[in-house]
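Atom set for the values below is all heavy atoms of this structure, side chains included, hydrogens, waters and symmetry mates excluded.
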Amino acid sequence: MRQTEVAAQRIAKALARAGVGSRRDIERMIAEGRIAIGGEVLTSPALNITNLANVTVDGEPVAGIAPAKLYRFHKPAGFLTAARDPAGRPTIMDILPPGLPRVVPVGRLDMNTEGLLLLTTDGELKRALELPSSGVPRVYRVRAFGEVTQAALESLADGVTIDGVHYGSILADIERKTGHNLWLIVTIREGKNREVRRVLEHVGLQVNRLIRVAYGPIGLDDLPPRMADEIPDSDVALLKAMLKATKPEQR
C-alpha cells in the first residue's frame with residue numbers, strides 16, 4: 001500500500017522517500033521547473049508538506065510512498081552508474097532489465113568496476129547507505145599487478161592517509177597469486193571515491209579488475225551480469241539494523 005499522507009517534512013525528503021530520486025536530484029528538478037503542487041510550479045525546495053496527493057513531476061502525479069524496495073543488480077564493466085551522461089557514454093539505465101519500478105542506485109561503481117550494485121525505490125534509504133559513516137562493509141575481489149607483502153596489507157587495518165584524504169580501516173588478504181597478478185579480498189566500510197584503487201596503489205599494486213561481491217549481508221552470489229532481483233525483506237531489515245547501530249557514533 002502506498003501512502004500519500006506523510007509527517008510534515010521538506011518536499012525533497014518526501015519525494016525521495018517516494019522514489020522520485022535523491023534529494024539532490026529533486027532539488028535540481030525544482031530548479032528546472034519540473035515539480036508542481038496543485039498545478040503551480042514550485043520554485044524553491046524550502047517547503048514543508050504533509051500530502052503528496054497534489055504533487056506532480058513532469059506533469060505526472062506522484063504515486064505516493066511505498067514500502068522501501070531494494071534490488072541487487074550485477075553491473076558489468078563499461079557502464080556509468082548514472083541516469084544519463086552528457087558525453088553520451090553508456091549508463092546502467094541502458095541495460096537494466098525490464099519490469100523494475102523507478103529505482104535509484106545506492107552509491108556508484110566506477111565505469112570499469114563490476115559486480116554488486118544496490119538499487120532502491122527509497123531515496124532516503126539510498127542516502128543513509130551512501131554515507132561513509134554508515135559503516136556497512138563492502139567486499140571486493142580484486143585482481144592487481146605487482147608485489148606486496150601480507151604485512152603491508154595488514155597495515156591498512158589501521159587506516160591510511162593519501163594526498164590529504166584519510167581512509168579508515170581496510171581489511172585486505174591475498175587470495176591467490178597468478179604470475180605477477182594477485183587476487184585479493186578487500187573489505188571497506190566507508191566507500192569513498194575510488195577508495196580500493198587508491199589504497200592498493202599506495203602499497204604498490206595496480207588494480208586491473210575490481211568486482212564488488214557483497215554489500216553488508218547481501219551477496220552477488222551467482223547473479224548473472226545485467227540481471228537484477230529483489231532483495232528479501234529480511235536482508236533489508238538487516239541492513240537497516242546496521243545503520244541504526246552506527247547512529248550513536250555519528251553525533
Side-chain angles (χ1 to χ4, degrees), residues 71-82 85 89-92 94-97 105-119 129-130 132 134-229 231 235 238-239 242:
Y71 299 83
R72 57 177 192 157
F73 173 62
H74 188 157
K75 176 193 172 296
F79 294 86
L80 290 175
T81 305
D85 179 53
R89 292 172 295 179
T91 77
I92 60 168
D94 299 323
I95 58 170
L96 288 181
V106 175
R108 294 177 182 271
L109 292 180
D110 296 338
M111 188 166 190
N112 292 320
T113 300
E114 56 194 288
L116 179 63
L117 180 66
L118 298 185
L119 309 170
L129 287 169
E130 287 177 345
S134 69
V136 179
R138 292 86 150 167
V139 183
Y140 295 79
R141 288 192 73 230
V142 188
R143 187 179 68 194
F145 177 82
E147 298 289 339
V148 70
T149 64
Q150 184 61 41
L153 293 175
E154 289 174 359
S155 69
L156 299 175
D158 297 325
V160 62
T161 300
I162 304 170
D163 296 332
V165 178
H166 182 74
Y167 301 94
S169 179
I170 296 168
L171 303 180
D173 293 290
I174 298 172
E175 184 183 38
R176 59 187 172 90
K177 296 183 179 181
T178 306
H180 291 290
N181 281 302
L182 304 172
W183 278 100
L184 304 102
I185 301 294
V186 178
T187 302
I188 63 176
R189 288 183 175 269
E190 293 180 318
K192 292 180 178 175
N193 185 37
R194 297 179 64 83
E195 180 172 347
V196 174
R197 296 180 188 274
R198 288 176 173 168
V199 169
L200 292 183
E201 286 172 4
H202 181 71
V203 295
L205 295 174
Q206 181 180 346
V207 173
N208 49 43
R209 191 174 181 190
L210 185 57
I211 310 165
R212 184 155 68 191
V213 296
Y215 198 117
I218 300 162
L220 180 63
D221 302 325
D222 56 357
L223 184 69
R226 301 191 180 206
M227 296 301 292
D229 61 11
I231 294 167
D235 285 342
L238 283 174
L239 265 180
M242 288 182 177

Please report the closest heavy-atom contact between [X] and [Y], naming both atoms and the distance.
X: H74; Y: P224; result: CB-O, 3.2 Å
X: Y140; Y: L210; result: CD2-CD1, 3.6 Å
X: P97; Y: R226; result: CD-O, 3.6 Å
X: L220; Y: G115; result: CD2-CA, 4.0 Å
X: P137; Y: T187; result: CB-CG2, 3.9 Å
X: Y215; Y: V106; result: OH-CG1, 3.8 Å

For this session: Could you tell me whether E114 and R209 have a side-chain N and a carboxylate O separated by less than 4.0 Å?
Result: yes
Distance check, rounded to the nearest 0.5 Å: [X] atom [atom1] versus [Y] atom [atom2]?
X: R141; Y: I211; atom1: CZ; atom2: CD1; answer: 6.0 Å
X: D173; Y: L182; atom1: CG; atom2: CG; answer: 12.0 Å
X: R194; Y: T113; atom1: CZ; atom2: OG1; answer: 7.5 Å
X: L117; Y: L109; atom1: CG; atom2: CG; answer: 5.0 Å
X: L223; Y: I218; atom1: CG; atom2: CD1; answer: 12.0 Å
X: I174; Y: L205; atom1: CD1; atom2: CG; answer: 8.0 Å

For this session: Could you walk me through whether N193 and V165 pass side chain to side chain contact (heavy atoms under 4.5 Å, CB included), step by step?
Result: CA-CA 10 Å; N193 185 37; V165 178; over 6 Å; no
Exercise. More than 12 heavy atoms of other residues, nucleotides or ligands under 6.0 Å from CD of Q206: is that the case?
Worked result: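 Counting other residues, nucleotides and ligands, CD of Q206 stays at 12 neighbours or fewer.
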Exercise. Would you say H180 has more than 12 foreign heavy atoms packed within less than 6.0 Å of its NE2?
Worked result: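 Open: at most 12 neighbouring heavy atoms sit under 6.0 Å from NE2 of H180.
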For this session: Output, in order, the C-alpha distance, side-chain angles, deciding distance and verdict of side chain to side chain contact (heavy atoms under 4.5 Å, CB included) for I188 and V199.
Result: CA-CA 11 Å; I188 63 176; V199 169; over 6 Å; no
Within the distance-only criterion (no hydrogens, no angle test), does the side chain of [X] pair as donor or acceptor with the backbone N or O of [Y] below 3.5 angstrom?
X: T178; Y: N181; result: no
X: S169; Y: A157; result: yes
X: K75; Y: R108; result: no
X: R212; Y: L116; result: yes
X: R72; Y: G219; result: yes
X: Q150; Y: A172; result: yes
X: R138; Y: V136; result: yes

Exercise. Run the side chain to side chain contact (heavy atoms under 4.5 Å, CB included) check on E195 and I170 step by step: do they pass?
Worked result: CA-CA 10 Å; E195 180 172 347; I170 296 168; 3.6 Å; yes
Exercise. Side-chain contact, heavy-atom cut-off 4.5 Å: L119 with L96?
Worked result: yes
For this session: Go through the steps to decide whether R198 and D163 satisfy the test salt bridge (Lys or Arg N to Asp or Glu O under 4.0 Å), and finish with yes or no.
Result: CA-CA 10 Å; R198 288 176 173 168; D163 296 332; over 6 Å; no
Problem set entry | side chain to side chain contact (heavy atoms under 4.5 Å, CB included) between N112 and R197, worked out | CA-CA 11 Å; N112 292 320; R197 296 180 188 274; 4.1 Å; yes
